[in-house]
Amino acid sequence: MSETIFSKIIDREIPADIIYEDDLCLAFKDVNPQAPTHFLVIPKKPIPKLSDAEQGDKALLGHLLLVAGQVAGEQGLEDFRLNVNNGAGASQTVFHLHVHVLGGRPFSWPPG
Ligand code: DGP
């Protein structure tokens, strides 16, 4: 996989407002927030998009969701929305798997 802006954040080559890190993943504030609270949870493993994940990534994917919920709580969110864009046609722009976590405002359904 070619290097992305997110692998540079993992490697501390470019700055980010990192709010959580462990051996498997990183959470940091989105540079272009779409809600009062908007952060991203990314695996350190460079999986380009969700549909590239494999059976061996099962525990990692579960970990990303658990971390998303835990950090949302730490950020003071009770209600929040998770979003994963898979592919350019679904508005994915950075091809390193990431879970958007948004909160602090009402969300409508269905999403746009
Ligand atoms: P997506 O469209 O799902 O690929 O979302 C990519 C998100 O990544 C988008 O909401 C903006 C955010 N983003 C892009 N570049 C940077 C960056 O350099 N730093 C941070 N913190 N966020 C970024």
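First listed ligand is number 1; within each ligand, the first listed atom is number 1. This one's a predicted model, so the numbers in the text were calculated from it and none came from an experiment.
Between L40 and ligand 1 there is a heavy-atom distance shorter than 4.0 Å. Residue contacts with ligand 1 include F6, since one of its heavy atoms falls under 4.0 Å from the ligand. In this structure, H100 is part of the shell of residues with a heavy atom less than 4.0 angstrom from ligand 1.
Among all protein heavy atoms, the one lying closest to atom 2 (O) of ligand 1 is S91 O, 2.7 Å. Given atom 18 (O) of ligand 1, the protein heavy atom at minimum distance is I5 CG1, 3.4 Å.
Taking every heavy atom of I9 and a limit of under 4.0 angstrom, the matching atoms of ligand 1 come to 19 (N). Under a 4.0 Å criterion applied to the non-hydrogen atoms of N85, ligand 1 contributes the atoms 1 (P), 2 (O), 3 (O). The ligand atoms of ligand 1 that sit less than 4.0 angstrom from a heavy atom of F28 are 20 (C), 21 (N).
Of the N or O atoms in K29, one or more lie within a sub-3.5 Å distance of an N or O in ligand 1. At least one N or O atom of H98, backbone or side chain, sits closer than 3.5 Å to an N or O atom of ligand 1. Taking any N or O of I14, backbone or side chain, none lies under 3.5 Å from an N or O belonging to ligand 1.
Under the 4.0 Å criterion applied to side-chain N and carboxylate O atoms, K45 and E54 are not assigned as salt-bridge partners. Ionic pairing of D11 and K8 is not present here: no N-O contact between side-chain nitrogen and carboxylate oxygen is shorter than 4.0 angstrom.
Nearest to atom 10 (O) of ligand 1 by heavy-atom distance, out of V99, V84, T93, D30, is D30. In the candidate list T4, V31, N83, V31 is nearest to atom 17 (C) of ligand 1, counting heavy atoms.
By the neighbour-count criterion of 12 heavy atoms within 6.0 Å, atom CD of E78 is sparsely surrounded, having that number or fewer from other residues, nucleotides or ligands.
Summarising the geometry, atom OG belonging to S7 is positioned 8.0 Å from atom CD1 belonging to I42; distances are rounded to the nearest 0.5 Å. Remark: D30 CG to L40 CG distance equals 4.5 Å, nearest 0.5 Å.
In this structure, D57 contributes its side chain and L60 its backbone to no donor-acceptor pair below 3.5 Å.
Between F6 and F28, the ring center distance clears the sub-6.0 Å criterion. Centroid-to-centroid, the aromatic rings of H98 and H100 come within less than 6.0 Å.
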